[in-house]
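Predicted model only: the values in this text are computed from it and were never measured.
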Protein chains: 2
Amino acid sequence: MVKLDKVDISILSQLQSNADITNAELSKRVNLSPTPCFNRVKRLEELGILNGKVALVSAGMLGLNVNVFIHISLEKQDEEALKCFEGAIADRPEVMECYLMSGEEDYLLRVLVPDIQSLEKFILTHLAKIHGISNIRSSFALKQVRYKTSLPLPETGLTIVD
Amino acid sequence: MVKLDKVDISILSQLQSNADITNAELSKRVNLSPTPCFNRVKRLEELGILNGKVALVSAGMLGLNVNVFIHISLEKQDEEALKCFEGAIADRPEVMECYLMSGEEDYLLRVLVPDIQSLEKFILTHLAKIHGISNIRSSFALKQVRYKTSLPLPETGLTIVD
DNA sequence: GTTGAAAGAGGCGCAGC
DNA sequence: GCTGCGCCTCTTTCAAC
């Protein structure tokens, strides 16, 4: 059982919006002295709640301007078929997100590519070759209005029962 | 006009998968000495290609287990209506992503909430109150199969014309 | 929980190639 | 463009309260 108080939530909130600050600075922002602040961050890392730090790269500045949502239906929905599909897309770098969905269609992918040609190539040479797919439907994003990695955190503490 | 060579791409690739390494370690991985490596990172930051570092927080461990895709249609699609909608969701923390879409429906949102009750509350007290919405349709994710923040980078260099 | 001290590492700038 | 040197700040650990 894991317990997080308001200060823990506050630390997570700070770090998920900017991980580039020093421990000294972080401790000020959460009204703690450096040592306990450092210990809490270590604890959150050991619990697996803090999952590492990453640099965010601007997709637009690298010419990665085409976000496509691909809806996929399978012929069957047994465990075998799901594993087969998930394994096939696991190492494709252009697949940013993949969800197993309820409703008519089985999977929803967000694919990020530089242009339509790259999308066509991805669909033909990778997606279409996966066994068990019955239908592929693509919707294009005209604009990415919002994208964030910061989770919506509660203002109060949390008790997480394992 | 911005030029990135293979080493720049390599730096971006390293940092977007792990931003917690020291400059000394990074320089080894990209086969550079520390100083020019440091200067390249600074340049990438100044160009706005590197957009800061963030800590990734585990949604599942905080009980944020419900990913919902909400498709939204507007009555009109003029600039006024789009601005109104985008402004209304801009400060909602549960809206992780928002795309202006081609096709039948106008917007696609990914919303992250702890449970269905929170989703209902979000739709009733926030979404439904926005003027100009003609239809709201939700699809639930049964499982997040994949989620990553690392962009698909080219193996060769890039020339970006401004 | 807090402070303070001390060692070791890394950031960051400079001089020279 | 590269390397090597050096200061200085920060992290990180410790003992003590």
Expressed in angstrom and rounded to an integer, what is the separation of A:Asn23 atom CG from C:dG11 atom P? 16 Å
Can we say A:Lys143 and B:Glu86 salt-bridge, meaning some charged N sits less than 4.0 Å from an Asp/Glu carboxylate O? yes
Protein-nucleotide distance (B:Lys3, atom NZ; D:dG1, atom P), rounded to Å: 13 Å
Nearest-Å distance, CG (B:Asp20) to P (C:dG10)? 12 Å
Rounded interatomic separation in angstrom, taking CG from A:Asn39 and P from D:dT11: 14 Å
Indicate yes or no: at least one non-hydrogen side-chain atom of A:Lys121 is less than 4.5 angstrom from one of A:Val113. no
Apply side-chain contact (heavy atoms from CB on, under 4.5 Å) to the pair B:Gln16 and A:Val54, showing each step before the final yes or no. CA-CA 5 Å; B:Gln16 76 171 347; A:Val54 298; 5.7 Å; no
In whole angstroms, how far is the P atom of D:dT11 from the NZ atom of A:Lys28? 10 Å
For D:dT11, take OP1 and OP2 only and decide whether either is under 4.0 Å from a side-chain N or O of A:Thr22. yes
Pick the nucleotide of DNA chain C nearest each of A:Thr35 and A:Arg40; which residue has the one closer to the 5' end? A:Arg40
A:Glu46/A:Arg43 salt bridge by N-O under 4.0 Å criterion: no
If I take atom CD in residue B:Glu25 and atom P in nucleotide C:dG10, what distance separates them, rounded to the nearest angstrom? 9 Å
What nucleotide among D:dT11, D:dC2, C:dT3 has an atom nearest to a side-chain atom of B:Leu32? D:dC2
Whole-Å distance separating the CG atom of A:Leu26 from the P atom of D:dT12: 12 Å
